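For reference, the structure is listed below as structure tokens.
Please read all numbers here as calculations on a predicted model, not as lab measurements. Starting from 1, each residue takes its place in the sequence as its number.
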Amino acid sequence: MLVVNIILCNLTQPEKMRSNILFHGFNCTDLEVVVNPNTQTASVCQPSQDMKCSDQTSSPFDETQCLQNIANDLDYHGSMLAEYMNTLDEKANSESVKELKSITESIHNLRESCKLLPNPESSNDKWKSTNSFEDRKDLCKQLKGFQVRTITINRALGYICAGEYQK
């Protein structure tokens, strides 16, 4: 859980989202949020609830499916950030690389320390570089989406570790 909190700290520090290097030339906070389109982490990791409305049915919590979606999200965002960093000149963008490496290292540490997580399923949806300005805008949207997703991941892992759904 500590590693998820470190990822959250890396993404929620205001200076990270307003970096003069990464997001120079546009207001990152005005852009929409983009999450991994290949996972349903928010819906499959939702805790089991007794529904009282006749239109809604309760579905049991599926730990395996939740953990697989989390693993796929971490893989997606980790590989996207790695691909983005490959487009940067390390010396010219050393501060940007440093900021992004701290996030990718946190993702790696979570994968290593959380033995519950399965291997990610391979996805054909990989990030592709277009041009510097559009790439930076896309990075902003993706990081905002990952910030939202890390909150879900943190809550889901807490729910799984508590084991309340197994009672």
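The side chain to side chain donor-acceptor pair (under 3.5 Å) check on Asn72 picks up Gln68, Glu121, with sequence neighbours excluded. For Asp30, the side chain to side chain donor-acceptor pair (under 3.5 Å) test picks out Asn27, with sequence neighbours left out. Thr130 pairs by the side chain to side chain donor-acceptor pair (under 3.5 Å) definition with Asp135, not counting sequence neighbours. By the side chain to side chain contact (heavy atoms under 4.5 Å, CB included) test, Lys141 pairs with Leu31, Glu32, Val34, sequence neighbours left out. Scored by the salt bridge (charged side-chain N to carboxylate O under 4.0 Å, His left out) test, Glu112 finds no partners at all (sequence neighbours excluded). For Asp73, the side chain to side chain donor-acceptor pair (under 3.5 Å) test picks out Asn36, Thr39, Thr41, Arg149, with sequence neighbours left out. Applying the ring pair (Phe, Tyr, Trp, His ring centres under 6.0 Å) rule to Phe26 yields the partners Phe23, Phe133; only residues at least two apart in sequence or on another chain are considered. Residues meeting the side chain to side chain contact (heavy atoms under 4.5 Å, CB included) test with Ser43, sequence neighbours left out: Gln40.
Rounding to the nearest 0.5 angstrom, the gap separating the OG atom in Ser102 from the CG atom in Leu100 is 7.5 Å. The distance from atom NZ of Lys98 to atom CD1 of Ile103, rounded to the nearest 0.5 Å, is 13.0 Å. One finds the CD1 atom of Ile160 at 4.0 Å from the SG atom of Cys66 (value rounded to the nearest 0.5 Å). A distance of 13.5 Å separates NZ of Lys101 from NE2 of His108, quoted to the nearest 0.5 Å. Taking OG1 from Thr152 and CD1 from Ile70, the interatomic distance works out to 9.0 Å, rounded to the nearest 0.5 Å. With values rounded to the nearest 0.5 angstrom, Phe61 atom CZ is found 5.5 Å from Cys45 atom SG.
Follow the hydrophobic side-chain contacts under 4.5 Å out from Ile153 and you reach Met80 in the same cluster. Residues Tyr159 and Leu110 fall within the same hydrophobic cluster, defined by Ile, Leu, Val, Met, Phe, Trp and Tyr side chains chained together at heavy-atom separations under 4.5 Å.
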Begin from the C-alpha positions of Val35 and Val33 and carry the test side-chain contact (heavy atoms from CB on, under 4.5 Å) through to its verdict. CA-CA 7 Å; Val35 294; Val33 172; 4.2 Å; yes
Between Cys28 and Lys144, is a side-chain contact (heavy atoms from CB on, under 4.5 Å) present by the stated rule, with each step listed? CA-CA 9 Å; Cys28 184; Lys144 288 172 71 172; 4.2 Å; yes
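Applying the salt bridge (Lys or Arg N to Asp or Glu O under 4.0 Å) test to residues at least two apart or on different chains, none of the pairs has a partner in residues 60-70. Pairs of residues two or more places apart, or lying in two chains, that qualify as side chain to side chain donor-acceptor pair (under 3.5 Å) and include a residue from residues 74-85 are Tyr76-Gln142.
Although no hydrogens or angles enter the test, the distance criterion places no donor-acceptor pair under 3.5 Å between the side chain of Asp138 and the main chain of Glu134.
Nearest heavy-atom pair, Leu67 versus Leu116, reported as atom, atom and distance to 0.1 Å: CD1-O, 3.6 Å. Considering every non-hydrogen atom in both Pro118 and Ala71, the closest pair reads O-CB, 3.3 Å. Leu157 approaches Cys114 most closely through the heavy-atom pair CD2-SG, 4.4 Å.
Contact of the Arg111 side chain with the Pro120 side chain is registered, since non-hydrogen atoms from C-beta on lie closer than 4.5 Å.
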